[in-house]
*Asks:* 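So that we are looking at the same thing, I have put the structure below in structure tokens.
Quick note on labels: first sequence line is chain A, next is B, and so on, each numbered from 1.
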2 protein chains.
Amino acid sequence: MNHLKDKIKLDFRSDEPLYMQLVRQVEQLVLTGELNQGDQLPTVRELATELRINFNTVARAYRLLDEARLISTQRGRGTYIWEEPTRETVERLRQISLAELARRYLDEAAGLGYDAPAALDAVRDNMKPGNPEHEDVGADQAIEVKNEQTQQTQRRTSGE
Amino acid sequence: MNHLKDKIKLDFRSDEPLYMQLVRQVEQLVLTGELNQGDQLPTVRELATELRINFNTVARAYRLLDEARLISTQRGRGTYIWEEPTRETVERLRQISLAELARRYLDEAAGLGYDAPAALDAVRDNMKPGNPEHEDVGADQAIEVKNEQTQQTQRRTSGE
DNA sequence: TATACAATAGTACAAAGATACAATTGGAGG
DNA sequence: CCTCCAATTGTATCTTTGTACTATTGTATA
């Protein structure tokens, strides 16, 4: 019986915001192994109903946890405990050099009928100015509150 | 054996919708000639099962591809690569694909810890002369029009 | 009191899933 | 052959789920 709601206790009188209480407690549950990789968390509405709070508050907590790479929220599907890339994936990525990646890109572009200069231009065109600096992905990094919207953090861990 | 499912990689954590990832990847497979006219695609349920997603998500992608005249979906029969994509369709999709290819390349490079300028340099470095496989290939090479009839009479569900 | 701002709630929306349905095919039984 | 019917395949529609944006509330501070 993995009822997350039973493991979460909110103190409505604390000065600590509700969403922050949620973040800490879920974080704790994951780190202590009460929640494991791939486990599905309650939906934002489900948990919100159980805890008698607004689902946006849960969503906010989930978003922070997502940005901290502790969980993975997927619209229309649900929210899951973050899964580490498989050993093979990591190894594969490690072995691929940037040069190989570039060559492969050029090959694929050639397959579409584009010559190298055109492919080069395409890369240039698609490197936007506000490009995300890749933040460090440390596992045990503390979760920080961000008061302002941080719209970066698109996540691309080549799946599976 | 052409197992489409092996050529499709979904990233569940991407901010790009699953059905859109499907559309792009099928487009690319067609344009690079890995899928040819008359080839039957997996059924929506088959592909969905393989990819661990709902078959309606596959159906959504198929519908978009059908509207783009790239494939032909036929209720009760299956889904097939469209007989004869027009030149304009091919050209349009080629351009979209190149941009998408470039973005994906940048993403993958970022995943390895390289920023965009570094990725750009890598492309430049690898397109230097002495790389025989980058000779200019014509556009018509990617998709060849065959007038030969395929094994089934193609009836279209979505007009012509 | 007035102002500012963070926390929370409300509303609208997009992606993905569930379910029921319609068209096509193919085989069994006449 | 023909008819019937079950299985297969795509379609239509609604529900579920997370996201974005706005509004409200509460509290600290001038």
*Asks:* Before you tell me yes or no, could you show the steps for A:V26 and A:I8 under side-chain contact (heavy atoms from CB on, under 4.5 Å), namely the whole-Å CA-CA distance, both residues' side-chain angles and the distance that decides it to 0.1 Å?
*Replies:* CA-CA 8 Å; A:V26 172; A:I8 302 262; 4.0 Å; yes
*Asks:* Check this one for me: any side-chain N or O of A:T79 less than 4.0 Å away from OP1 or OP2 of D:dT17?
*Replies:* no
*Asks:* Rounded to the Å, how far apart are A:L10 CG and C:dT8 C1'?
*Replies:* 13 Å
*Asks:* Can you name the nearest heavy-atom pair linking A:L41 to A:I81, along with the distance?
*Replies:* CD1-CD1, 3.3 Å
*Asks:* Please report, rounded to the nearest Å, how far the C1' atom of C:dA15 is from the CG atom of B:L22.
*Replies:* 13 Å
*Asks:* Which letter, B, S or -, goes with each nucleotide of nucleotides 16-22 of chain C from 5' to 3', with contact meaning a protein heavy atom under 4.0 Å?
*Replies:* BBBBB-B
*Asks:* Counting just side-chain N and O atoms, does B:T73 come under 4.0 Å of either OP1 or OP2 of D:dT11?
*Replies:* yes
*Asks:* Can you name the ring-ring contact (aromatic ring centres under 6.0 Å, His included) partners of A:Y62, sequence neighbours left out?
*Replies:* none
*Asks:* Under the salt bridge (charged side-chain N to carboxylate O under 4.0 Å, His left out) rule, collect the residues that match up with A:R77, sequence neighbours excluded.
*Replies:* none
*Asks:* Just to verify, what does A:A119 make a side-chain contact (heavy atoms from CB on, under 4.5 Å) with, not counting sequence neighbours?
*Replies:* A:Y105, A:L106, A:A109
*Asks:* Classify A:E46 by what it touches in the nucleic acid, base, sugar-phosphate, or nothing, heavy-atom distance under 4.0 Å.
*Replies:* nothing
*Asks:* Provide, to the nearest angstrom, the distance between the CG atom belonging to A:L47 and the P atom belonging to D:dT17.
*Replies:* 13 Å
*Asks:* How close or far is atom P of C:dA7 from atom CG of A:L64, stated in whole angstroms?
*Replies:* 10 Å
*Asks:* Once salt bridge (charged side-chain N to carboxylate O under 4.0 Å, His left out) is applied, do any residues pair with A:E108, and if so which ones, sequence neighbours excluded?
*Replies:* B:R104
*Asks:* Only counting residues at least two apart or in another chain, list the ones meeting side-chain contact (heavy atoms from CB on, under 4.5 Å) with A:A118.
*Replies:* A:Y114, A:D115
*Asks:* Return the polar atom pairs (N/O with N/O) between nucleotides 24-30 of chain D and the protein under 3.5 Å, or none.
*Replies:*
none

*Asks:* Run the side-chain contact (heavy atoms from CB on, under 4.5 Å) test against A:D11 and tell me which residues pass, sequence neighbours left out.
*Replies:* A:R13, A:S14, A:Q21
*Asks:* Sort and list the pairs that fulfil side chain to side chain donor-acceptor pair (under 3.5 Å) and have at least one residue in residues 44-56 of chain B, not counting sequence neighbours.
*Replies:* none
*Asks:* Between the two ends of the helix from C:dT1-D:dA30 to C:dG30-D:dC1, what is the bend in degrees, rounded to 10 degrees, where each end axis spans five pairs?
*Replies:* 10°
*Asks:* So which heavy atom on A:A116 is nearest to which on B:M127, and how close?
*Replies:* CB-CB, 3.6 Å
*Asks:* A:Y80 has an atom OH; how far is it from atom C1' of D:dG18, in whole Å?
*Replies:* 12 Å
*Asks:* Does A:Q25 have any side chain to side chain donor-acceptor pair (under 3.5 Å) partners at least two apart in sequence or in another chain, and if so, which?
*Replies:* none
*Asks:* Measure CG/A:D15 against C1'/C:dA7 and give the value in whole Å, please.
*Replies:* 13 Å
